[in-house]
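Side-chain atoms are counted along with the backbone in the values below, which use heavy atoms only and exclude waters and symmetry mates.
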2 protein chains.
Amino acid sequence: MSGAHSSVRKVDASRADCQAITEILDRVGDKWTVMVVRALEQRPLRYNEIQRVVDGISQRMLTLTLKGLERDGLVSRTMYPTIPPRVDYELTELGNRLMVPLQSLYDWAVKHRPAMLAARKRFAEKERLAGAQQKRFATAK
Amino acid sequence: MSGAHSSVRKVDASRADCQAITEILDRVGDKWTVMVVRALEQRPLRYNEIQRVVDGISQRMLTLTLKGLERDGLVSRTMYPTIPPRVDYELTELGNRLMVPLQSLYDWAVKHRPAMLAARKRFAEKERLAGAQQKRFATAK
DNA sequence: CTGAATCCACCAAGATACTG
DNA sequence: CAGTATCTTGGTGGATTCAG
């Protein structure tokens with residue numbers, strides 16, 4: 001923070017925003033993290049419970065995802081050395097607070113998904129027409 | 001699920017949330033989309049201007065990212081058939097509204113990044129100790 | 001039950017060169 | 001200036017097997 005110069009700060013913040021958002025997106029933007037986090041939203045779960053809830057996730061990916069979440073302090077891991085062994089995973093407070101921006105994304109998704117789908121349909125149509133045009137010139141090869 | 005409607009709806013919503021969030025994360029969660037969107041936040045930009053602002057993006061990736069954004073109606077493309085050619089890219093209103101949840105993510109990132117980094121450091125330390133333990137048994141390769 | 005380890009397939013993304 | 005085309009590669013994730 002080099003000063004309170006509003007116009008300058010706006011530009012700087014824009015760059016910093018990129019960094020920060022990209023960083024968070026890298027953490028939660030993979031295939032399974034969000035689904036696992038949401039699975040744990042309601043209550044702590046055991047390893048196999050998560051696998052059942054998430055549905056489709058492999059053991060490998062579940063283990064990797066959980067380890068990543070634990071690593072970043074979003075999920076806590078509690079091991080009970082019983083037989084058979086039992087491990088509980090639970091959202092930390094940090095993990096719980098992540099739900100807020102995630103909810104914000106969800107709201108956006110619900111609200112604007114129809115518009116996005118419509119746009120995609122329009123785009124596909126335009127592309128189809130353009131493709132037909134192209135074909136008349138792509139004679140050789 | 002025999003209880004009140006509220007609890008049932010909560011579970012159902014949880015699944016739907018996953019879908020929606022994952023879907024949006026798939027759109028904006030790639031390497032460049034967010035950076036391009038934020039580059040366009042302030043004002044429309046030309047192709048080369050974006051490439052300069054984003055810094056590090058290749059022509060190929062810029063083209064692909066822009067096409068994806070245009071496809072989903074988040075960015076509009078305006079071509080001026082002058083010489084040399086000129087193409088402006090501009091956030092649509094849909095694209096602009098995406099800034100809201102992105103800002104929410106940014107806020108979370110700024111607020112909780114220190115905690116995440118601290119957690120990661122602690123985790124690395126614990127892992128290092130565990131790794132030392134392991135080594136004593138990993139005699140034969 | 002809760003993982004770790006290995007192998008493999010696929011795709012996003014980078015580098016480079018070319019085009020209108 | 002604004003892309004497209006082709007090749008290559010590194011990482012993500014799936015399937016399977018082994019272990020405590």
Taking only the side-chain nitrogens and oxygens of A:Y89, find out if one of them lies under 4.0 Å from OP1 or OP2 of C:dC1.
-> no

Salt bridge flag under 4.0 Å for residues [X] and [Y]:
X     : Y     : answer
B:R38 : B:E41 : yes
B:R77 : B:E90 : no
B:E93 : B:R97 : yes

Expressed as a whole number of angstroms, how long is the span from [X]:[atom1] to [N]:[atom2]?
X     : N      : atom1 : atom2 : answer
B:Y47 : C:dG20 : OH    : P     : 17 Å
A:Y80 : C:dT2  : OH    : P     : 12 Å
A:K31 : D:dT12 : NZ    : P     : 13 Å
A:L45 : C:dC1  : CG    : C1'   : 15 Å
A:E49 : C:dG3  : CD    : P     : 13 Å
B:N48 : D:dC1  : CG    : P     : 5 Å
B:D26 : C:dC11 : CG    : C1'   : 13 Å

Where each residue is assigned the nucleotide of DNA chain C containing its nearest heavy atom, which of A:R86 and B:G56 is assigned the position nearer the 5′ end?
-> A:R86

Looking only at atom types and distance, does a side-chain atom of A:T92 sit under 3.5 Å from a main-chain N or O of A:G73, one as donor and one as acceptor?
->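 Yes; at least one donor-acceptor contact below 3.5 Å.
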
Sidechain-backbone polar pair: A:E70 side chain, A:K67 backbone, donor-acceptor under 3.5 Å =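 No, A:E70 side chain to A:K67 backbone: no donor-acceptor pair under 3.5 Å.
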
Could you check A:R52 against A:E49 for salt bridge (Lys or Arg N to Asp or Glu O under 4.0 Å), going step by step and ending with a plain yes or no?
-> CA-CA 5 Å; A:R52 273 194 298 276; A:E49 289 178 316; 5.0 Å; no

Is a side-chain donor-acceptor pair under 3.5 Å present for B:T33 with B:D30?
-> yes

Are a donor atom and an acceptor atom from the side chains of A:Y89 and A:T78 found within less than 3.5 Å of each other?
-> no

For the hydrophobic clusters of this structure (ILVMFWY residues joined by side-chain heavy atoms under 4.5 Å, transitively), does one cluster hold both B:F123 and A:I24?
->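 No, because B:F123 and A:I24 fall into different hydrophobic clusters, even though each may have its own neighbours under 4.5 Å.
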
May I ask you to list the residues of residues 57-79 of chain A, by number, that have any heavy atom positioned under 4.0 Å from an atom of DNA chain C?
-> A:Q59, A:R60, A:T63, A:K67, A:R77

Please report how far the helix from C:dC1-D:dG20 to C:dG20-D:dC1 bends, comparing the axis fitted to its first five pairs with the axis fitted to its last five, to the nearest 10 degrees.
-> 40°

